[in-house]
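Report on the structure given below.
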Amino acid sequence: KMTSSASNKNVSPTKPTSNKAAVLYGARDLRIESFPDPIKTPLTPNQVLIEMHAVGICGSDVHYLTHLQCGPFKVKDPMVLGHECSGKVVEIGSAVKHLSVGDRVAIEPGIPCRRCELCRKGLYNLCEDITFYATPPYHGSLSQYAIHEEDFCYKLPEHVSYEEGALLEPLSVGMQAIERTQVFAGSHVLIFGAGPVGLATLLCSLAAGAHVSIIDIRSNRLEVAKKLGATKGYLFSDKWEYPATDPKVDIAIDCSGNEDVIRKGSKGIKSGGKLGIVGRAASVGVKNFPLFDLADREIDIVGVFRYRNVYGKALNLVSRGAVDVKSLVTHKFTLEESVKAFDVSEHGRDGAIKVMIMINEELKSSSSAPKTNGKL
């Protein structure tokens, strides 16, 4: 039986007594306030309590903040944001076998039911009863502490930072995208969108040996993509069209959720190629998706939803230095600066790509972060 004694190996000597989180109450109404649930809820046998250290802001978080919706998911009650995260284990359940108090972990943020037909087939990301951080109605991890299942936590090697651990989440989206679209060595790939997920997909494609070009509306992001290894960058505008003189690609992967980009960019896919759909808009409806043009050219449309069975692969890429995800982090903020952090992320201020919120490291982060924009 577990006790709260500091001598118990299952509990940190500094077990928390309070918790703060970034809670979304309405459109653009984000509040930093007391949120006791994680520290007052008893752990089930296979759960761990994690002291959060790094939480990245995802495009879905911004959609929830601005529209209270991302695709079909709608915020109806106050919700803690955040799902790209890593931290340190401070308490473990009675049946936990592979984690100990003090372990540094990256967190795969979805817990499937494990019992449905999809889960039994290994397609657990498609489970209809999955509990996923910051997907309504479930709270996220932009909090000093959060509870998670042991088997969806991944130990971080000593040389892998908390920021890199949090970035395994978008990197896993990229891994899922290239596996679903079958990107191989020698493939010619065009990525729509050079935000964090687009750049993560670029890194995964390059690690697979592909030749990659990329489209975005921001020139600074195209420059980052080129530094990471993209062979060509296209600056998108209303008047842009895929150049007739440029070779067409085998595979395009949309990471923008922008129908105009998909419609124009898909002109650059070879007949018989593939189009992977990763990006999501705030709403569900489509108006200008080039369905019949794609069908006439037998271009396979491949859906990509989150990820499955790739988190360990993503960690392996980072651990052995095959990809440089840390270079995507342009800004860091403290938990108390979350409102400012979301503003920077939403508008791409000061060349922002990945905005990271550092938690339980406030003094260190604040001492080096200018109060004007939080940029490090």
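- Using a 4.5 Å heavy-atom threshold, the side chains of Asp151 and Arg114 count as touching.
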Pair Val55, Leu81 - check side-chain contact (heavy atoms from CB on, under 4.5 Å), show working. CA-CA 10 Å; Val55 181; Leu81 291 176; over 6 Å; no

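- Remark: the backbone N or O of Val160 is paired with a side-chain donor or acceptor of Arg104 at under 3.5 angstrom.
- Val310 and Val302 are members of different hydrophobic clusters when ILVMFWY side chains are connected at heavy-atom separations under 4.5 Å.
- Centroid-to-centroid, the aromatic rings of Tyr234 and Tyr242 come within less than 6.0 Å.
- Between Met356 and Leu167, the shortest heavy-atom distance links the atoms CE-CG, 4.0 Å.
- Salt bridge status for Asp250 with Lys274: absent, with no side-chain N to carboxylate O gap under 4.0 Å.
- Residue Gly122 comes nearest to Asn309 through the heavy atom pair O-ND2, 3.4 Å, listed as atom of the first residue, atom of the second, then distance.
- Atoms OG and CG, from Ser266 and Leu190 in turn, are 9.5 Å apart once rounded to the nearest 0.5 Å.
- Comment: Glu223 does not engage Lys227 in a salt bridge, judged by the lack of any side-chain N to carboxylate O separation of less than 4.0 angstrom.
- Under the 30°/60° scheme for interplanar angles, the aromatic rings of Phe132 and Tyr307 are found to be tilted.
- His211 contributes no side-chain N or O that, together with a main-chain N or O of Val249, makes up a donor-acceptor pair within less than 3.5 Å.
- Atom CZ of Phe184 is separated from atom OG of Ser205 by 12.0 Å, given to the nearest 0.5 angstrom.
- Follow the hydrophobic side-chain contacts under 4.5 Å out from Ile299 and you reach Leu291 in the same cluster.
- Atom NZ in Lys121 sits 11.0 Å away from atom CZ in Arg308 (nearest 0.5 Å).
- Scanning all heavy atoms of the two residues, the minimum distance from Arg115 to Arg120 falls at O-NH1, 2.5 Å.
- Applying ring-ring contact (aromatic ring centres under 6.0 Å, His included) to Phe152 and the options Tyr124, Tyr133, Tyr311 leaves one that passes, Tyr124.
- Side-chain contact, Thr330 with Asp350: no donor N or O sits under 3.5 Å from an acceptor N or O.
- In the hydrophobic cluster analysis, where Ile, Leu, Val, Met, Phe, Trp and Tyr join through side-chain heavy atoms closer than 4.5 angstrom, Val23 is grouped apart from Tyr138.
- Between Asp343 and Lys340, no side-chain nitrogen of the basic residue sits less than 4.0 Å from a carboxylate oxygen of the acidic one, so the salt-bridge criterion is not met.
- A salt bridge is defined here as a Lys NZ or Arg NE, NH1 or NH2 lying under 4.0 Å from an Asp or Glu carboxylate O, and Asp324 with Lys326 fails to meet this definition.
- In this structure, the side chain of Asn125 engages the main chain of Phe305 through a donor-acceptor pair within 3.5 Å.
- In this structure, Lys354 does not pair ionically with Glu163, as no charged nitrogen and carboxylate oxygen lie closer than 4.0 Å.
- Taking 4.5 Å as the limit, some side-chain heavy atom of Pro290 sits within range of a side-chain heavy atom of Ile262.
- The heavy-atom pair separating Ile214 from Ala194 by the smallest distance is CD1-CB, 3.7 Å.
- Val278 places none of its side-chain heavy atoms less than 4.5 Å from the side chain of Asp254.
- Side-chain contact check for Leu317 versus Val325: every heavy-atom pair is 4.5 Å or farther apart.
- With contacts defined as side-chain heavy-atom distances shorter than 4.5 Å, the pair Leu228/Ser327 qualifies.
- The backbone N or O of Asp260 lies less than 3.5 Å from no partner atom in the side chain of Asn288, so there is not a single donor-acceptor pair.
- Side-chain contact between Arg306 and Gln176: absent, with no pair of heavy atoms (C-beta onward) separated by less than 4.5 Å.
- In terms of heavy-atom proximity, Thr44 sits nearest to Glu149 at OG1-OE2, 4.2 Å.
- Residue Glu84 comes nearest to Cys58 through the heavy atom pair OE2-CB, 3.2 Å, listed as atom of the first residue, atom of the second, then distance.
- Formation of a donor-acceptor pair under 3.5 Å by the Ser86 side chain with backbone atoms of Tyr162 is found in this model.
- Side chains of Leu328 and Pro170 form no contact here, defined as non-hydrogen atoms less than 4.5 Å apart.
- The only member of Lys267, Lys232, Lys270 that meets salt bridge (Lys or Arg N to Asp or Glu O under 4.0 Å) when paired with Asp246 is Lys232.
- Side chains of Ser319 and Asn316 form no contact here, defined as non-hydrogen atoms less than 4.5 Å apart.
- The CG atom of Leu199 sits 11.0 Å away from the SG atom of Cys204 when rounded to the nearest 0.5 Å.
- Taking CG from Leu142 and OG from Ser338, the interatomic distance works out to 4.5 Å, rounded to the nearest 0.5 Å.
- Formation of a donor-acceptor pair under 3.5 Å by the His139 side chain with backbone atoms of Val80 is found in this model.
- Comment: Asp293 engages Arg297 in a salt bridge, judged by a side-chain N to carboxylate O separation of less than 4.0 angstrom.
- In this structure a side-chain-to-backbone donor-acceptor pair under 3.5 Å is present from Asn19 to Phe35.
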Criterion side-chain contact (heavy atoms from CB on, under 4.5 Å) on Ile357 and Ile57, from CA distance to verdict: CA-CA 8 Å; Ile357 296 177; Ile57 296 179; 4.1 Å; yes

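- Lys264 places a side-chain N or O within donor-acceptor distance of the main-chain N or O of Asp238, the cut-off being under 3.5 Å.
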Set out, in order, the CA-CA distance, both residues' side-chain angles and the distance that settles side-chain contact (heavy atoms from CB on, under 4.5 Å) for Asn360 and Tyr145, then state yes or no. CA-CA 9 Å; Asn360 293 303; Tyr145 298 90; 4.2 Å; yes

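- Judged purely by distance below 3.5 Å, without hydrogens or angles, the side chains of Tyr25 and Glu33 pair a donor atom with an acceptor atom.
- With hydrogens and angles left out, the side-chain atoms of Ser141 and His83 include no donor and acceptor closer than 3.5 Å.
- The closest donor-acceptor contact from the side chain of Arg180 to the backbone of Gly303 lies under 3.5 Å.
- Counting only distance, with no hydrogens or angles, the side chain of Thr41 and the backbone of Asp37 share a donor-acceptor pair below 3.5 Å.
- To the nearest 0.5 Å, atom SG of residue Cys127 and atom CD of residue Glu117 are 11.5 Å apart.
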Evaluate the criterion side-chain contact (heavy atoms from CB on, under 4.5 Å) for residue pair Phe342 and Ser345; output intermediate values, then yes/no. CA-CA 5 Å; Phe342 271 86; Ser345 182; 5.5 Å; no

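- By the rule that hydrophobic residues join a cluster once side-chain heavy atoms approach within less than 4.5 Å of another member, Met52 and Ile111 end up as members of separate clusters.
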Step by step, work out the salt bridge (charged side-chain N to carboxylate O under 4.0 Å, His left out) result for Lys97 and Glu150. CA-CA 8 Å; Lys97 297 179 180 179; Glu150 173 194 23; over 6 Å; no

